[in-house]
A.B. asks: 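Before I ask anything, here is the structure I am working with.
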2 protein chains.
Amino acid sequence: MSAVLARPRIESGPSRLSSAERAYRALKKLILGDELPAGSHLLEQEAAERLGMSRTPVREAMIRLEKDGVVEVRPRHGMRVLPVSPDDMREIYQVLTALESAAAEAVARRGATPAEIASLRAAVADMEAALDRGDLDGWADADKRFHWLLVTLTGNQRLQQMVSQLDEQAHRARVLTLRLRPKPVNSIRDHARLVAAIARRDAESARRIHHDHRTRAGEMLVGLLDRLGLKQV
Amino acid sequence: MSAVLARPRIESGPSRLSSAERAYRALKKLILGDELPAGSHLLEQEAAERLGMSRTPVREAMIRLEKDGVVEVRPRHGMRVLPVSPDDMREIYQVLTALESAAAEAVARRGATPAEIASLRAAVADMEAALDRGDLDGWADADKRFHWLLVTLTGNQRLQQMVSQLDEQAHRARVLTLRLRPKPVNSIRDHARLVAAIARRDAESARRIHHDHRTRAGEMLVGLLDRLGLKQV
DNA sequence: GAGTTTGTTAATGCATGCATTAGTCAGACA
DNA sequence: TGTCTGACTAATGCATGCATTAACAAACTC
């Protein structure tokens with residue numbers, strides 16, 4: 001492997017990802033990318049062949065994915081990609097609302113640095129610009145960035161981990177509804193108000209603004225899924 | 001096994017737990033019971049011998065425990081029971097506060113049945129009775145029951161799963177401080193007020209009462225750990 | 001004497017084999 | 001015609017073996 005000579009690994013960690021880790025990432029990517037759609041099954045052996053490894057690391061990856069709440073492992077059926085129902089989305093958004101609004105409150109309370117405020121504002125500006133040019137994907141990216149920034153600014157790793165787990169579970173529904181939902185103009189307004197509240201260290205307003213924002217977003221999404229008659233995504 | 005004949009399994013699920021499941025439960029029990037104290041190491045082989053099985057199911061159990069946030073699996077060192085620092089407790093309580101106060105709000109908003117209210121009141125009464133007879137363990141049990149009841153009444157399984165994960169992580173610190181903390185008289189008062197708010201379907205008060213309750217409990221706990229100079233538990 | 005290098009040991013990561021058993025389907029039966 | 005029985009098939013759950021490699025220590029250089 002000449003690559004080893006060419007790049008004499010500076011990075012930390014294992015020079016080569018373990019098979020189990022590769023399996024985990026690959027399967028998760030397939031699921032989030034909807035190449036393994038909701039409800040689809042994959043046997044250990046099938047996954048192993050597909051990924052060019054034996055069943056053992058695949059099995060370990062499946063256990064992890066099950067803990068992430070994205071698949072179900074059933075004896076004799078391999079793993080099954082969990083569909084997300086409107087009720088699931090209700091659950092997810094209820095928790096997400098609680099976590100993120102607490103994050104907003106916490107960040108406002110401790111106060112953000114000018115640089116942090118600027119990065120939040122930048123995300124809002126990107127959302128606005130994307131929306132102006134009708135770039136929904138760009139808007140979604142910037143929105144995601146905003147939310148993630150908010151959560152990381154708390155410095156609470158457990159909070160981050162839980163939010164990202166819920167985000168993954170909700171991913172498919174969000175992608176699906178991105179072009180079916182009304183134009184997310186309110187989102188931008190809500191986020192701008194949130195940034196303002198954070199900037200003036202108004203924790204209670206920050207919490208309420210984001211709480212209401214997430215609640216509305218959740219209701220819109222669930223309502224949309226219901227109206228579309230989508231029992232599962 | 002005469003037991004099999006005596007009780008011809010009515011329940012669903014595998015008649016005999018899988019080895020991986022047994023390993024998972026056994027290890028978790030050892031950890032929560034502090035028989036595997038914070039910071040202790042256990043090699044796959046050691047655990048396997050101790051549990052009378054091969055490394056494979058033990059390995060799978062360790063992967064699950066790692067996802068639960070109670071151990072760390074390090075290549076060559078087996079698993080290590082994660083110590084909990086005051087900063088960890090800060091994280092845990094911040095998230096727990098967010099989740100449980102959202103639960104309080106949700107339950108108050110949807111309204112609880114008389115039976116549900118009664119069970120909450122019963123838990124509070126048990127806390128009071130236990131405290132009156134100086135039974136701290138009894139108090140802790142009833143308190144745990146109250147919190148769990150609150151969370152289950154939301155019907156949100158993701159919320160339940162996350163709360164119980166955080167509870168496990170905080171378990172050792174709570175046990176340790178149970179007899180070092182001031183008498184939990186305020187707890188009982190707070191819970192009684194929360195039940196009242198739920199009964200009158202006052203969601204905003206319910207949220208605030210429980211939010212403040214959890215926040216204070218967290219601060220007390222973290223302060224105690226800090227004061228005791230316990231860098232980790 | 002401190003820092004390196006090298007050799008050894010041990011634990012892992014993964015592949016593989018096999019007994020077990022759930023799931024399936026044909027065919028008998030009511 | 002619907003259901004039950006039983007045999008067959010296939011996927012799993014677990015044990016085991018082995019190559020790999022990190023960790024440790026002893027020897028060694030400067």
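Below, chain A is the first sequence line, B the second, and so on; all start at residue 1.
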A.B. asks: Have B/Gln165 and B/Gln161 got a donor and an acceptor in their side chains that come within less than 3.5 Å?
C.D. replies: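 B/Gln165 vs B/Gln161: donor-acceptor pair found between side chains.
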A.B. asks: Per the end-axis method with five pairs at each terminus, what is the bend angle of the helix from C/dG1-D/dC30 to C/dA30-D/dT1, to 10°?
C.D. replies: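 Result, rounded to 10 degrees: 30°.
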A.B. asks: Could you tell me which residues satisfy ring-ring contact (aromatic ring centres under 6.0 Å, His included) with B/His213, sequence neighbours excluded, listed by chain and number?
C.D. replies: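 If we apply the ring-ring contact (aromatic ring centres under 6.0 Å, His included) test to B/His213, skipping adjacent residues, the hits are B/His147, B/His191, B/His210.
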A.B. asks: Contact list please: residues 43-62 of chain B against DNA chain C, heavy atoms, distance less than 4.0 Å, in numerical order.
C.D. replies: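 DNA chain C contact set from residues 43-62 of chain B: B/Leu43, B/Glu44, B/Arg55, B/Arg59.
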A.B. asks: Under 3.5 Å, which donor-acceptor pairs link side chains of residues 54-61 of chain A to any protein atom two or more places apart or in another chain?
C.D. replies:
residue, atom, partner, partner atom, Å
A/Ser54, OG, A/Thr56, N, 3.4
A/Arg55, NE, A/Glu44, OE1, 3.1
A/Arg55, NH2, A/Glu44, OE1, 3.2
A/Arg59, NE, B/Glu60, OE2, 2.6
A/Arg59, NH1, A/Glu44, OE2, 2.8
A/Arg59, NH2, B/Glu60, OE1, 3.4
A/Arg59, NH2, B/Glu60, OE2, 3.3
A/Glu60, OE1, B/Arg59, NH2, 3.3
A/Glu60, OE2, B/Arg59, NE, 2.6
A/Glu60, OE2, B/Arg59, NH2, 3.3

A.B. asks: Provide the closest heavy-atom pair for B/Ala106 versus A/Gln94 in the form atom of the first, atom of the second, distance.
C.D. replies: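 That closest heavy-atom pairing would be CB-NE2, 3.1 Å.
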A.B. asks: Rounded to whole angstrom units, what separation is found between the NE2 atom of A/His41 and the C1' atom of C/dA22?
C.D. replies: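 From A/His41 NE2 to C/dA22 C1': 15 Å.
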A.B. asks: May I ask you to list the residues of residues 71-80 of chain B, by number, that have any heavy atom positioned under 4.0 Å from an atom of DNA chain C?
C.D. replies: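 Close to the strand are B/Pro75, B/Arg76, B/Gly78.
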A.B. asks: Which atoms form the tightest heavy-atom contact between B/Glu100 and B/Val151, and what is the distance?
C.D. replies: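 Looks like CG-CG2, 4.1 Å.
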A.B. asks: Kindly list each side-chain donor-acceptor pair under 3.5 angstrom involving residues 73-89 of chain A, sequence neighbours excluded, with atom names and distances?
C.D. replies:
residue, atom, partner, partner atom, Å
A/Arg80, NH1, A/Glu72, OE1, 2.8
A/Ser85, OG, A/Asp87, N, 3.3
A/Ser85, OG, A/Asp88, N, 3.1
A/Ser85, OG, A/Asp88, OD2, 3.1
A/Asp87, OD1, A/Arg90, NE, 3.1
A/Asp87, OD1, A/Arg90, NH2, 3.0
A/Asp88, OD1, B/Arg158, NH1, 3.2
A/Asp88, OD2, A/Ser85, N, 3.0

A.B. asks: Nearest whole angstrom, please: distance from the C1' of C/dG13 to the CD of B/Glu66.
C.D. replies: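 Going from B/Glu66 (CD) to C/dG13 (C1'), I get 14 Å.
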A.B. asks: Quick one: closest heavy-atom pair of B/Tyr93 and B/Gly218, and the distance?
C.D. replies: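 Answer, listing the atom of B/Tyr93 first, then B/Gly218: CD2-CA, 3.4 Å.
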A.B. asks: For A/Ala104 and A/Ile198, work out which heavy atoms get closest and say how close.
C.D. replies: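 For A/Ala104 versus A/Ile198, the nearest heavy atoms are O-CG1, 4.4 Å.
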A.B. asks: In whole Å, I'd like the distance from the CZ atom of B/Arg64 to the P atom of D/dG13.
C.D. replies: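 Answer to the nearest Å: 11 Å.
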A.B. asks: Pick from A/Leu153, A/Thr154, A/Thr152: which one makes a side-chain contact (heavy atoms from CB on, under 4.5 Å) with A/Asn156?
C.D. replies: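 Testing A/Asn156 for a side-chain contact (heavy atoms from CB on, under 4.5 Å) against A/Leu153, A/Thr154, A/Thr152 leaves exactly one candidate, A/Thr154.
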A.B. asks: Where is the tightest heavy-atom contact between B/Met53 and B/Ser19, given as atom of each residue plus distance?
C.D. replies: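 Here B/Met53 and B/Ser19 meet closest at CE-O, 3.5 Å.
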A.B. asks: For C/dC14, does either OP1 or OP2 sit under 4.0 Å from a side-chain N or O belonging to A/Ser19?
C.D. replies: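 True: A/Ser19 side-chain N/O within range (under 4.0 Å) of C/dC14 OP1/OP2.
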A.B. asks: Of all the heavy-atom pairs spanning B/Leu99 and B/Leu166, show the shortest one and how long it is.
C.D. replies: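 In terms of heavy atoms, the two residues are closest at CD1-CD1, 4.0 Å.
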A.B. asks: Between atom CG in A/Leu17 and atom P in D/dT21, what is the gap in whole Å?
C.D. replies: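 So the two atoms are 14 Å apart, to the nearest Å.
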